[in-house]
Amino acid sequence: MGRYLLKRLSQAVLVVISVMVVVFVVTRLIGDPVAVMLPLEATEENRALLEAQLGLDRPILTQLADYVADAVRFDLGDSLWQRRPAMDVVLERLPPTLLLVAAGFAFGVLLGVVIGVVSGMRPGGWVDRAAVTFVLLGVSLPQFWIGLVFIVFFSVGLGWFPTSGSGGIEYLVLPGVVLGLPVVGRIALVTRSSMIDELNTQHVKDATARGVSRARIVMVHAMKGAGIATITIAGWELIGVLAGGAVVVETVYAWPGIGFTAMQAIERHDIILVQAVVFVVAIMVVTINIIVDIAYTMLDPRVKFDRVS
Amino acid sequence: MTRHRRFVGFLAVVALLLAACGDDEAATTTEAPATTQAPATTAAPATTAAPATTAAPEPEPEPMGASIVIGLGTEPGSLDPQAVDQFAMFTINDNVFHKLVSRNAAGDLVPGAATDTGTPIDDTTWQYTVREGITFHNGEPLNADAVVHSVLRIIDPDYATPLKDNLGTVVGAEKVDEHTVNILTSGPDPLIPTRMTLLYLVPPEASQSDDFGDNPVGSGPYKFVSWERGIAVELEADPDYPGPAPSVSNVRFLFIEEYGTRLAGVLNDEIDLMVDLLPEDNARVDQAWSTPTGLKQFIVSLNARAGSPVEDVRIRQALNYAVDKEAIAESLFSGIGEILQGQMLNPNWFGFNPDLDPFPYDPDRARELLAEAGAEDLEIQLVSLVGNSLLDKETTEVVAGYWAEVGVTAEIFIPEFSEYIDRLIDRENRPDAIFVPHDNILFDGDRTLSAYYHSQGCCGSMDPSEADDWIDAARTEIDQDARLKLYQDVGQAGHDGAWYVWLISIPNVYGGTDRIDWSARADGLIHVTDITVS
């Protein structure tokens with residue numbers, strides 16, 4: 001296991017470095033940060049001056065070399081927008097995102113598993129059909145739109161929750177639910193189909209024949225098999241929530257996390273801050289991947305450490 | 001047994017996954033006090049929730065006055081008033097800092113920290129007397145030394161700031177006595193009083209701190225309390241500030257980029273005043289305000305240079321006649337846009353020419369002119385941008401639509417913003433037509449005309465003319481009447497040459513609850529002292 005971990009970790013480092021190089025190149029394409037920092041009519045001299053002051057006039061390869069050398073020390077440079085270390089900005093915004101992601105993910109997985117199990121028990125029944133319709137809505141409707149609809153309905157209409165911002169638990173409910181809705185859907189669908197498969201396997205039929213109670217069959221025999229599929233999809237969902245959903249939901253709810261920060265950084269062409277956000281998210285995504293792979297091997301002995309690549 | 005073990009394994013992994021998140025959550029609460037999380041949990045319910053439930057006396061001790069919440073669309077990168085050129089920074093800091101010269105609500109220059117708007121004592125010196133008795137919130141005096149420090153700090157080449165450009169010719173400052181200071185320029189500069197409206201005065205000691213951008217110390221009616229990054233900036237009325245206490249004792253500027261969310265905040269009484277209300281939502285909020293005149297000028301620059309497909313002045317006039325500006329203002333902008341008066345300057349900008357009129361909407365005249373010029377099937381490229389200003393792309397499309405009606409085919413090209421800028425300022429290859437949203441925080445023709453009406457300006461598309469000389473002369477003309485005449489002549493020349501299609505001017509629009517009484521300022525800033533709470 002130790003050797004396996006070592007191998008995975010070195011792969012992870014490679015992945016993060018590759019992501020960083022790609023991001024470096026891509027951020028050079030999102031546009032010139034100086035263009036958005038100055039008025040439309042700024043003279044070329046002023047543009048050149050600011051460019052030089054920000055170090056953006058150096059040859060691109062020099063910039064890349066410096067950037068990689070600094071990134072190894074977790075120094076990604078000063079945010080152009082905030083004029084302070086970009087890593088500080090990201091680390092400061094990380095806790096709110098983790099809180100939101102944890103809430104949305106927990107909501108998504110728990111509700112998704114419950115719906116999946118209940119649906120899978122009687123496929124084709126009215127409960128199943130209603131549940132599938134509901135979760136498909138959650139998967140298909142754009143989060144951006146749902147977010148705004150929830151604000152209009154639950155905050156402005158019913159006055160149950162604040163419209164946006166952060167603070168107490170009441171601020172977490174709407175963004176958490178909106179973030180978790182697509183997760184509910186996908187987890188439920190996967191759990192449901194694995195459940196149906198599991199309930200049709202020989203060992204479950206044997207157990208039924210032995211007179212094992214229905215509840216025990218579902219909770220112990222079938223769920224165990226369905227768990228592997230659910231864990232896999234949950235890992236992916238966590239990554240999706242962290243790297244994608246958070247950007248949309250945080251923006252809608254003015255939640256001061258890294259997703260919102262990424263959005264702000266992109267709008268302001270703050271390439272340094274974009275790089276820092278991607279760097280941190282990449283590290284988290286790689287870590288989650290490793291955890292999911294380990295989870296596999298623990299759940300399913302057929303998967304061996306040395307055979308996973 | 002094996003099955004049991006595997007099930008336990010499954011549970012363990014689920015626990016592990018949740019714990020991974022849970023740990024981070026735990027980390028949030030432990031590390032938080034150092035960062036932003038803790039203040040958010042404690043401060044937010046107290047202040048943001050309060051307005052929604054007010055009416056009754058508030059439970060927390062409020063020494064005087066009310067608390068309000070202002071919803072801004074963007075968060076400044078820094079609150080150092082000399083560091084960044086961001087409107088959100090100006091909006092907050094205009095309440096915290098003094099300038100030598102200010103503007104009143106109508107936009108006219110008035111004394112700020114100085115006793116008047118400045119006196120030129122020779123070609124390269126403007127003298128100011130600082131009012132006595134102003135102190136920064138940390139106790140440092142606002143005197144000649146503070147002014148000298150503020151000037152030298154912003155023009156220091158090592159202090160990279162896009163705001164330096166606003167100071168133009170300023171090369172230094174020197175103390176004459178405790179309260180008298182000379183602003184030194186490289187040559188005669190009639191704009192110094194205007195430029196001083198963009199120079200916030202900072203305390204010599206406190207501004208040297210590395211975290212001045214996080215903890216600004218000013219001398220204005222409100223003092224900085226806290227900045228929860230990503231969430232809000234809080235200010236409170238300075239009890240020692242001279243004059244009657246303002247109605248609002250505490251203000252939170254919330255940063256909510258998403259428009260719908262900000263609007264919902266107002267509809268839900270969580271936000272008392274929001275910026276950038278869309279005109280179509282005027283009726284949904286309790287109150288809507290707009291600045292008395294437009295702040296953003298929408299124009300289409302036409303390439304009047306020899307060799308361009310629109311070099312014939314008749315074609316450019318036709319492109320003006322072809323566009324129904326009133327319809328754009330009424331329909332597209334729900335009545336908030338004002339028609340530009342055949343020039344880029346607004347009536348309250350220095351240099352406005354009252355004798356110029358907009359080109360009326362006259363498609364027949366446009367067709368005639370095009371026919372005379374032999375340009376019935378004209379095809380041109382129209383460069384534009386999207387997401388920079390309210391309905392910018394839509395306006396461009398409408399203009400192209402009007403042109404199409406008189407037989408001019410405009411191919412709209414919307415590049416990425418940096419490339420748009422490259423096209424706008426490319427002096428060699430001017431676009432046939434380029435849509436421009438222009439604003440000018442100096443409210444003086446100098447910047448606008450130098451950039452757009454001068455053949456050597458960044459964005460001018462005309463051959464050299466005597467207008468160039470007038471603009472150059474005005475730049476050093478201290479006599480304001482003579483300067484005004486020069487700018488009005490330039491405006492006339494531009495109108496005669498139909499260098500632009502002058503469309504409309506868009507004001508800043510705000511929405512709010514009926515809890516506050518306020519009116520919008522000409523410069524678009526929000527002075528919290530102007531707000532009274534009922």
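Below, chain A is the first sequence line, B the second, and so on; all start at residue 1.
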As a quick check of understanding, evaluate side chain to side chain donor-acceptor pair (under 3.5 Å) for A:R268 and B:Q86, giving each step before the final call. CA-CA 11 Å; A:R268 292 166 174 80; B:Q86 294 159 356; 5.9 Å; no
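Taking each heavy atom of A:P256 and B:I231 in turn, the nearest pair found is CG-CG1, 3.4 Å. Listed here is the closest heavy atom pair of B:E270 and A:F161: OE2-O, 4.4 Å. Closest non-hydrogen pair, B:A264 versus A:T163, comes out as O-CG2, 3.5 Å. Counting all heavy atoms, side chain and backbone alike, B:E258 lies closest to A:L148 at OE2-CD1, 4.0 Å. Across all their heavy atoms, A:V156 and B:N268 have their closest contact at CA-OD1, 3.8 Å. Summarising the geometry of A:R47 relative to B:I425, their closest heavy-atom pair is NE-CD1, 3.3 Å, with the distance given to 0.1 Å.
Not a single donor-acceptor pair under 3.5 Å links the side chain of B:T261 to the backbone N or O of A:Y253.
With rounding to the nearest 0.5 angstrom, the NE2 atom of A:H269 is 7.5 Å from the CZ atom of B:F417. Atom CG of residue B:D214 and atom CZ of residue A:R84 lie 5.5 Å apart, to the nearest 0.5 angstrom. The line from CD1 of A:I151 to CZ of B:R262 is 12.0 Å long, rounded to the nearest 0.5 Å.
The 12-atom threshold is exceeded at CG of B:D211, counting heavy atoms of other residues, nucleotides or ligands nearer than 6.0 Å. Applying the 6.0 Å contact sphere to CD1 of A:I169 captures no more than 12 heavy atoms from other residues, nucleotides or ligands.
Counting only heavy atoms from C-beta outward, the side chains of A:M263 and B:E257 never approach each other to under 4.5 Å.
Among B:D439, B:I421, B:N388, the residue making the largest number of heavy-atom pairs under 4.5 Å with chain A is B:I421. For chain A, the option among B:G260, B:A232, B:S450, B:G265 with the highest count of heavy-atom pairs below 4.5 Å is B:G265. No other option in B:S78, B:G457, B:A83 has as many heavy-atom pairs under 4.5 Å with chain A as B:A83.
Contacts of B:P437 with chain A are made by both backbone and side-chain atoms, with heavy-atom separations under 4.5 Å. If you measure heavy-atom distances from B:T448 to chain A, you find no contacts under 4.5 Å at all. There is no contact between A:V152 and chain B, counting heavy-atom distances below 4.5 Å. Interface remark: B:Y259 contributes no atoms to any contact with chain A (heavy atom separation under 4.5 Å).
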